[in-house]
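Order of the sequence lines fixes the chain letters, A, B, ..., with proteins taken first and strands second; residue numbering starts at 1 for each chain. Predicted, not measured: the structure shown is a model, and the values here were computed from it.
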Amino acid sequence: MNVIFAILFYLATLILVGGLAYKIYDFARTPAPLKIPTTPAPTTAPGVVLRMAREVIFFESLFKSNLWIWAFGYMFHVGLALVLMRHLRYFVDPVGPILAFIQPFGVYAGFAMVAGLGGLWARRFLVARIRYISTPSDHLMLALLIGIGLTGLGMKFLMHTDIVTVKAFFLGLMRFEINPLPAHPGVYLHLGLVALLMIIFPISKLLHAPGVFFSPTRNQVDNPREARHVAPWAAQLDSGK
Amino acid sequence: MAAEFKTPEYRPFPTVPEMQPGAMSHLKPFVASEAVQTNIGFPGKLEEGWEGRAIDKMGELLGKYRSLKVFMDSCVHCGACTDKCHYFIGTNDPNNMPVARQELMRSVYRRYFTLPGKIFPKLVGAKDLTKDVLDQWYSYYWQCSECRRCSVFCPYGIDTAEVTMAARTIMDHIGQGQKYSNEILGKVHKIGNNLGLPGPALFNTLEGLEEDVKEDTGVDVRFPMDVKGAEVLLVTPSADFFAEPHIDSLIGYAKVFHAAGVSWTLSSYASEAGNFGLFNGSYEMMRKVAMRIRTAALELGVKRIIVGECGHAWRVAYAFWNTLAGIGAGANDPFAIELQKQLDPNCKQPTHICEYTWDLIQQGRLKFDKEANDHRIITFHDSCNVARGSRMGDSPGGQFEIPRNIIRAVANKYYDMSPETIREVTFCCGGGGGVLTDDLLELRVKGAFPRMEALNRLKEDHGVNFMATICAICKAQFTKVLPYYGFKMNNVGGVHQLVSTAIVLGNEH
Ligand code: SF4
Ligand code: SF4
């Protein structure tokens, strides 16, 4: 089992990092031939950084469009961020003061994350318009995330596991050593689901995470009259005439 | 052709409507004939093997447009956009929800371009490109006015207009073009304007206008055309030459130039500001149309290019002319360099007529008799392409302030419509983006519904009887659909129509 999980995590990490790197490269190499920021848009680069920051940190556009989706989505994403930070303790030794400080918040965040996901899932059933646009994979994605959250919380509150051994396993992986995992169904389930999530990340709608940074309607400076913007394939048309 | 349909009824408390699947699946615009298609370089009709060609084209566009690629990958089906499209609100057809409209293409994208779609199509909602799917594309990608309202609300800025444009490009390239838009493109390439008005007809019209204005005001206001060495080239939608109420704005521009004592000219070669290349999403087509303006500007030797009241034209002029044709700063092909030398670097190139008029007002160079507009109780309809695809003046949002400032400078009675229907979240008139054709009348009437509701509230509260706008398509669309909602045709008009009414001429230098 230890070997299986070790291989699984190496594989998952490879796919996640490789897949995302490829996708980011793919987004980056595709030119945006025209200036299409959704206006009113910032007229300077720092302004664009600020706009993107508001989007990424506060989900500004979503806030404007739908408070329910914003509330649940925000709860989930902030929860997830804190939970991920809490989990850093499995990868660093010794645990620094900041990391130690956020540990308890990470626990509450776990609940917020699952509650947020629950809200989002409920909307997929209760709101007819959202039911209409949901595909089976949308439901499975939520199930997967909730599964990860619940198994994690389960191990914290219901059936404890030996987290010191878990930590040794991951620290070992980082040094290419295979240490034993606790033989605990919760651990297997939790880690299996996480690996699955990592694997599907680069081929699913989770690509919205890098995608948001590449969205031309949000990341372009509104200065078309002042600076000429031409994509390489379009510049060829210029020399053709 | 007399389509039977019901005009939506005003709701006391507007809420998100129930869905009616398939409510608009019967509606399709006329398909372009072989002659129309081949005239602008597209295949004449749908032929054997179109599926493969469509997928190839899609692949090409995915490689050329970051917007399309990122938008295809990033939607999470959150549903935030589902109630934001005027066509969904007016028709209740779920395929008119922005995400569902995108999904028509995204399902095909997944099938041919992504791993899960190739292996588990059902799971991720991937679909083969079949004739049925193409029919849906043709129906619903021509029920989008590319107004970008959805892009304001999407957490990833997904702009359905970009998807619609890509779909239309693909359909053009497999021989399934839309008659209305492609006919117009043929006319503009050949004659220089969307209406197909030849130079001599334009001269006659302008002469007639000079006489009319003289009769009206006693002042010799000129409407010059093809005058070399004029300072300003005015490029305006061709509807301004003939259609009501557009022509009143043209008179307004002429009076402003007259009062400012500036020499100006129209061009018979570039007698169209509109650019239907945008609606079809064709860069090359859009570029070809924009080039006419550069050519005309060079030929006439003007110092400044000003654009008349037209929404999508202003988006193309403001945001794309520099890219497409080097009108603006920074282009470096020989023609563009010549143009840079010729154009006045102290002016914004191009300038919107509202920017121009507002500058003059601020400098105190125009005089108005505001009472002349007192029979009008006015509101302003933000046109989508101006609101969400361009700017005026120096700061973001100038496109909202400047036209309103002008109206307040020339008239006494002004009210805004409710905030959730104006400025950056303005509702489309229902006729933009290439759907301003009678074969889509049902769509146009229903799509105007949210705007009509907002206008009606203002009519009831304040007796508003004039909706000013700065778009030729909005004007034509509202003239047609206002009567369906209990308004008069002439309840819509241009901002420069108001300027024209109030401006005081005579006694200038
Ligand atoms: S661009 Fe406008 S018309 Fe098209 S889907 Fe979005 S809101 Fe609807
Ligand atoms: S708001 Fe954006 S991400 Fe959400 S469903 Fe609509 S297009 Fe997709």
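Here the closest non-hydrogen pair linking Y156(B) and H208(A) is OH-CD2, 3.1 Å. Among all heavy-atom pairs drawn from I133(A) and T82(B), the shortest one is CD1-CG2, 4.1 Å. Here the closest non-hydrogen pair linking S215(A) and F71(B) is OG-CE2, 3.5 Å. Annotation for C154(B) and S61(A): closest pair O-CB, 3.5 Å, computed over non-hydrogen atoms. Nearest heavy-atom pair, K205(A) versus V76(B), reported as atom, atom and distance to 0.1 Å: NZ-O, 3.0 Å. Heavy-atom minimum distance, D222(A) versus R391(B): OD2-NE, 2.8 Å.
The closest donor-acceptor contact from the side chain of T135(A) to the backbone of G125(B) lies at 3.5 Å or more, if one exists at all. The backbone N or O of T323(B) sits less than 3.5 Å from a side-chain atom of R228(A), completing a donor-acceptor pair.
Heavy-atom pairs under 4.5 Å with chain A peak, among A100(B), C81(B), P396(B), at P396(B). Heavy-atom pairs under 4.5 Å with chain B were tallied for R124(A), R123(A), R29(A); the largest tally goes to R124(A). Chain B forms the most heavy-atom pairs under 4.5 Å with one residue out of R129(A), R218(A), K23(A), and that residue is R129(A). Counting heavy-atom pairs closer than 4.5 Å to chain A, the top residue among S395(B), C78(B), G328(B), G117(B) is C78(B). Among the candidates L206(A), I203(A), V230(A), N219(A), the residue making the largest number of heavy-atom pairs closer than 4.5 Å to chain B is I203(A). Comparing A325(B), G398(B), S151(B) by how many heavy-atom pairs each has under 4.5 Å with chain A, the most go to S151(B). Options I130(A), N66(A), V56(A), V127(A) differ in how many heavy-atom pairs under 4.5 Å they form with chain B, and the most are formed by I130(A). Note on D83(B), I158(B), D159(B): by heavy-atom pairs under 4.5 Å with chain A, the leading option is D83(B). Chain A forms the most heavy-atom pairs under 4.5 Å with one residue out of A161(B), S74(B), S67(B), and that residue is S74(B). Per-residue heavy-atom pair counts under 4.5 Å with chain A were compared for F88(B), F400(B), W321(B), Y318(B), and the maximum is reached by Y318(B).
For chain B, the nearby part of I69(A) is the side chain; its heavy atoms alone come within less than 4.5 Å. Proximity to chain A (any heavy atom under 4.5 Å) is restricted, for A387(B), to the backbone atoms N, CA, C and O. For E226(A), the parts lying near chain B are the backbone and the side chain together; criterion is any non-hydrogen pair under 4.5 Å. For A41(A), the part lying near chain B is the backbone, with the side chain staying farther off; criterion is any non-hydrogen pair under 4.5 Å. Using a 4.5 Å cut-off between heavy atoms, V99(B) touches chain A through its side chain atoms alone. For Y65(B), the parts lying under 4.5 angstrom from a heavy atom of chain A are both the backbone and the side chain. Only the side chain of D138(A) comes within less than 4.5 Å of a heavy atom of chain B; its backbone N, CA, C and O stay farther away. Contact of I200(A) with chain B is not made at all, since no heavy-atom distance falls under 4.5 Å. Neither the backbone nor the side chain of R423(B) comes within less than 4.5 Å of any heavy atom of chain A. With a threshold of 4.5 angstrom between heavy atoms, M286(B) approaches chain A through side-chain atoms but not through N, CA, C or O. Looking at S107(B), neither its backbone nor its side chain comes within 4.5 Å of chain A, counting heavy atoms on both sides. With a 4.5 angstrom heavy-atom cutoff, F27(A) touches chain B via backbone and side-chain atoms both. Q399(B) touches chain A through its side chain: at least one heavy atom from C-beta onward sits under 4.5 Å away, while N, CA, C and O do not. Interface residue L62(B): only backbone heavy atoms are found under 4.5 Å from chain A. In this structure, the portion of V16(B) lying under 4.5 Å from any heavy atom of chain A is its side chain and not its backbone.
Interatomic distance, CG of D73(B) versus CZ of F214(A), reported as 12.0 Å (0.5 Å rounding). Interatomic distance, CG of L207(A) versus OG1 of T114(B), reported as 10.0 Å (0.5 Å rounding). Here the straight-line distance linking atom OG1 of T217(A) with atom CD of E162(B) works out to 8.5 Å at 0.5 Å rounding. One finds the NZ atom of K84(B) at 11.5 Å from the NZ atom of K64(A) (value rounded to the nearest 0.5 Å). Here the NE2-OG distance, from H77(B) to S137(A), works out to 7.5 Å after rounding to the nearest 0.5 Å. Interatomic distance, L324(B) CG to L237(A) CG, rounded to the nearest 0.5 Å: 9.5 Å.
In Y108(A), the OH atom is not crowded: 12 or fewer heavy atoms of neighbouring residues, nucleotides or ligands sit closer than 6.0 Å. For CZ of F120(B), the number of neighbouring non-hydrogen atoms (other residues, nucleotides, ligands) closer than 6.0 Å is 12 at most. Enclosure of atom CZ in F58(A) is not indicated, since only 12 or fewer non-hydrogen atoms of other residues, nucleotides or ligands lie within 6.0 angstrom. Few gaps surround CH2 on W233(A); more than 12 heavy atoms of other groups in view lie less than 6.0 Å from it. With a 6.0 Å radius and a threshold of 12 heavy atoms from other residues, nucleotides or ligands, K64(B) has its NZ atom above the threshold.
Heavy-atom proximity under 4.5 angstrom to chain B picks out P31(A), A32(A), P33(A), L34(A), K35(A), I36(A), P37(A), T38(A), T39(A) from residues 31-39 of chain A.
Residues L123(B) and P136(A) have side chains in contact (heavy-atom distance under 4.5 Å, counting atoms from C-beta outward).
Salt bridge E355(B)/R225(A): present, at least one basic N to carboxylate O contact under 4.0 Å.
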